[in-house]
Amino acid sequence: MTFKVTKERYDALMDVVMNRMTVRAFDQDYEVPKSHYELILEAARHGPSGANTQPWHYIVITEPQIKQSLAEYFVKEQRQRAKLKMKFPTPDYRGLGAAPGVIVVVSDFRWTKAFPNLREEDSKLNAMYKENAERILLQSVAASTMSAHLAASALGYSVWWITAIGQQEAQDAIKPLLGIPEELSVLDVMCFGPSKKEPYKRWKKSLNEIFSWNTFDQAHFLTEKEIDTWIQTQRSKVMYRDEAKID
Ligand SMILES: Cc1cc2nc3c(=O)[nH]c(=O)nc-3n(C[C@H](O)[C@H](O)[C@H](O)COP(=O)(O)O)c2cc1C
């Protein structure tokens, strides 16, 4: 087999990777051509997954009324979080109702049975394997979803990855709206479209900060206190500011 390093393809990929940027307000008047949904989901289709289970299903929402109902749910949830004093800097979820492209990401946790586990469902030992199986499933769906986000970005769209729906109450509210069977779960929502304003690049850690050679470089270990401080002082800045404007 002949092997050739292809820096040109890497550069083309990095152009897409680096220019994938989250926006939360889109040009409401733009209509996404049907073929673009297919191009985006074709990328998702090729994602890797544990045991090649491909445990994902994507629901393309084109009906404005359904988008609106989803947005209303998120706005309600956002208020609830504020009331609970979570202090999480929540975005304006009304942007979802105005997003030209909306795709709901669905999974089926029954696929965890396809990953390594014991027959005795209730044993303590199996609980450990079950937990790992759930991680495998979530990583699989995220891998496929990321391909979809990169494909949308490659087409020139800005993207928005929304996960604020893990809790049971949200599942109960959203599943009937979309005719999703009880056994399945909504994992996240992908929005995309032309951005209303110029998108901005958010802060990313430097390359040296995110990896070590061979063994974990202890210089990168953060104490609980350091993490708490980061949340207090940095989180909202890195979520909502251009990296060039962070002091
Ligand atoms: C797993 C995951 C969950 C996210 N959940 C939400 C969410 O619920 N709401 C939201 O507004 N943004 C959400 N985001 C978007 C992040 O806030 C965003 O990716 C991050 O601030 C970095 O910005 P960038 O995407 O422009 O690099 C999520 C992103 C990922 C990957």
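Both ligands and their constituent atoms are indexed starting at 1 by order of listing. Nothing fancy with the numbering, it's 1 onward along the sequence.
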- Message: Any non-hydrogen side-chain atom of Pro55 less than 4.5 Å from a side-chain atom of Val141?
- Response: yes
- Query: Which protein heavy atom lies closest to atom 9 (N) of ligand 1, and at what distance to 0.1 Å?
  - Reply: Tyr93 OH, 2.8 Å
- Please write down residue, atom name and distance for the protein heavy atom closest to atom 8 (O) of ligand 1. Thr163 N, 2.8 Å
- Message: What I want to know is whether Tyr200 and ligand 1 share at least one N or O pair that is separated by under 3.5 angstrom.
- Response: no
- Query: At a 4.0 Å threshold, what atoms of ligand 1 neighbour a non-hydrogen atom of Arg20?
  - Reply: 24 (P), 25 (O), 27 (O)
- Task: Could you tell me whether the side chain of Thr53 reaches within less than 4.5 Å of the side chain of Phe115, counting heavy atoms only?
- Result: yes
- Return yes when atom CD of Glu224 has more than 12 non-hydrogen atoms of other residues, nucleotides or ligands closer than 6.0 Å, and no otherwise. no
- Distance filter under 4.0 Å to Met21 heavy atoms, resulting ligand 1 atoms: 26 (O)
- Query: How does Arg24 reach ligand 1, if at all, at less than 4.0 Å between non-hydrogen atoms: by side chain, backbone, both, or neither?
  - Reply: side chain
- Element-labelled atoms of ligand 1 that are located less than 4.0 Å from some non-hydrogen atom of Thr22: 18 (C), 19 (O), 23 (O), 24 (P), 25 (O), 26 (O)
- Message: If we set the cut-off at 4.0 Å for heavy atoms, which region of Tyr240 has an atom near ligand 1: side chain, backbone, both, or neither?
- Response: neither
- Against heavy atoms of Ile162, which atoms of ligand 1 measure under 4.0 Å? 6 (C), 7 (C), 8 (O)
- Message: Can a side-chain donor-acceptor contact be found between Asn132 and Glu134 if the only test is distance below 3.5 angstrom?
- Response: no
- Query: Going by atom types only, do Thr62 and Tyr37 share a side-chain donor-acceptor pair under 3.5 Å?
  - Reply: no
- Could you tell me the residue and atom name of the protein heavy atom closest to atom 20 (C) of ligand 1, and the distance to it rounded to 0.1 Å? Arg202 CD, 4.3 Å
- Message: Quick check on side-chain contact (heavy atoms from CB on, under 4.5 Å): which of Tyr93, Trp160, Phe74 does Val189 satisfy it with?
- Response: Phe74
- Query: Does Glu38 reach the side chain of Ile40, with side-chain heavy atoms less than 4.5 Å apart?
  - Reply: no
- Proximity of Tyr157 and His36 rings by center, below 6.0 Å: yes
- Item | Interfacing atoms of ligand 1 (cut-off 4.0 Å, heavy-atom, Lys204) | 22 (C), 24 (P), 27 (O)
- Could you pull out, from Phe88, Trp161, Trp160, the option with a heavy atom nearest to atom 13 (C) of ligand 1? Trp161
